[in-house]
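These notes concern the structure reproduced below.
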Amino acid sequence: MTTSPHSTAVKRSPAPPDARLAPSRPVYEMRSLRTDADRAEAAALVQDRQHWLALRGLPVPGGADVPALFQDPEAESAGLFEDGTMLACMIPQRECVLGWGEGRCLFLGHVHTLPDRPDDTIRLITLWASDAAARFDLPHVRAEAPAQHPRADPLARLLTRLTAMGWDLRGSGTGQTGKRVARLELAAEHRLGLRALIGCTIREPQSAARGGGVA
């Protein structure tokens with residue numbers, strides 16, 4: 001195969017500067033649940049998680065009123081998303097008094113995850129929460145998990161996984177919902193580069209009296 005002596009190579013135009021420098025979107029996003037559709041999706045996720053726990057004879061944190069709580073626009077709820085799919089929902093609160101722990105904190109109330117990938121999701125929430133607390137100038141993140149149940153092995157494994165992720169167990173006692181819980185605390189930590197993985201558009205949480213656990 002030959003080419004004409006007058007033929008010329010086709011030159012590609014360089015990409016516009018904005019296109020070359022534009023940052024990629026984060027894989028995950030933590031955002032406030034501001035629309036009816038988001039809140040309905042959160043309520044459905046909670047119901048799915050509660051059903052999954054009940055089928056296995058495990059405690060259901062918060063009870064039957066939690067799905068309705070996520071549908072309340074005043075609840076200041078938030079969700080963790082991947083490609084538009086909600087992986088978890090919660091009600092983050094800036095709590096001063098929980099009845100345990102010293103100092104101010106970011107309290108993660110009513111944390112519920114999709115049943116099929118809880119460990120990966122909790123690990124993402126852990127990374128986000130420690131960084132968010134640092135950005136909000138709060139020294140700690142706190143949460144509560146079910147404790148003391150006839151089927152104790154799954155709960156013990158949950159606490160083992162949480163402590164491996166950096167959470168400290170601060171004993172047990174009556175939780176925000178009136179049931180016995182394990183008390184968990186995580187140190188705030190600025191995590192440089194985390195926003196490339198997890199975008200965050202939630203407002204700084206407000207103080208509130210509503211509580212809940214990790215499910």
Residues two or more places apart in sequence or in another chain: which of them pass side-chain contact (heavy atoms from CB on, under 4.5 Å) with L169? A182, L184
Does the pair D72/R39 count as a salt bridge with the N-to-O cut at 4.0 Å? no
Before accepting this row, confirm whether a basic side-chain N of the pair R123/D119 lies closer than 4.0 Å to the acidic partner's carboxylate O. no
Would you please name every residue forming a salt bridge (charged side-chain N to carboxylate O under 4.0 Å, His left out) with R195, sequence neighbours left out? none
Give me the atom names and distance for the closest heavy-atom approach of [X] to [Y].
{"X": "A187", "Y": "S130", "result": "O-CB, 3.5 Å"}
{"X": "F70", "Y": "A42", "result": "CD2-CB, 3.9 Å"}
{"X": "L127", "Y": "L194", "result": "O-CD2, 3.4 Å"}
{"X": "C105", "Y": "L98", "result": "SG-CD1, 4.0 Å"}
{"X": "I125", "Y": "A88", "result": "CD1-CB, 3.8 Å"}
{"X": "V181", "Y": "G175", "result": "CG2-CA, 3.5 Å"}

Measuring from [X]:[atom1] to [Y]:[atom2], what's the distance to the nearest 0.5 Å?
{"X": "R191", "Y": "W128", "atom1": "CZ", "atom2": "CH2", "result": "12.5 Å"}
{"X": "I91", "Y": "H112", "atom1": "CD1", "atom2": "NE2", "result": "9.5 Å"}
{"X": "D120", "Y": "L87", "atom1": "CG", "atom2": "CG", "result": "9.5 Å"}
{"X": "L80", "Y": "M90", "atom1": "CG", "atom2": "CE", "result": "6.5 Å"}
{"X": "Q71", "Y": "L33", "atom1": "CD", "atom2": "CG", "result": "11.5 Å"}
{"X": "T113", "Y": "M86", "atom1": "OG1", "atom2": "CE", "result": "12.5 Å"}

Between [X] (side chain only) and [Y] (backbone N and O only), is there a donor and an acceptor less than 3.5 Å apart?
{"X": "D131", "Y": "H190", "result": "no"}
{"X": "H140", "Y": "L138", "result": "no"}
{"X": "E185", "Y": "W167", "result": "no"}

In sequence, state the C-alpha distance, the side-chain angles, and the governing distance for E76 and I202, and then conclude on side-chain contact (heavy atoms from CB on, under 4.5 Å). CA-CA 9 Å; E76 296 288 340; I202 71 166; over 6 Å; no
Please lay out, stage by stage, how T174 and R180 fare under the test side chain to side chain donor-acceptor pair (under 3.5 Å). CA-CA 5 Å; T174 303; R180 191 162 185 81; 5.5 Å; no
Going by heavy atoms in the side chains, are [X] and [Y] under 4.5 Å from each other?
{"X": "T126", "Y": "V141", "answer": "no"}
{"X": "E144", "Y": "W100", "answer": "yes"}
{"X": "C89", "Y": "H110", "answer": "no"}
{"X": "R31", "Y": "D38", "answer": "yes"}
{"X": "L186", "Y": "D168", "answer": "no"}
{"X": "M30", "Y": "F81", "answer": "no"}
{"X": "L197", "Y": "P26", "answer": "no"}

Quick one: do L108 and R142 satisfy side-chain contact (heavy atoms from CB on, under 4.5 Å)? Show the steps, please. CA-CA 6 Å; L108 304 184; R142 296 192 179 105; over 6 Å; no
Determine, step by step, whether L114 and R49 satisfy the side-chain contact (heavy atoms from CB on, under 4.5 Å) criterion, reporting the C-alpha distance in whole Å, the side-chain angles of both residues, the deciding distance to 0.1 Å, and the verdict. CA-CA 6 Å; L114 280 178; R49 183 63 171 171; over 6 Å; no
Before you tell me yes or no, could you show the steps for L124 and I198 under side-chain contact (heavy atoms from CB on, under 4.5 Å), namely the whole-Å CA-CA distance, both residues' side-chain angles and the distance that decides it to 0.1 Å? CA-CA 8 Å; L124 291 168; I198 308 173; 4.0 Å; yes
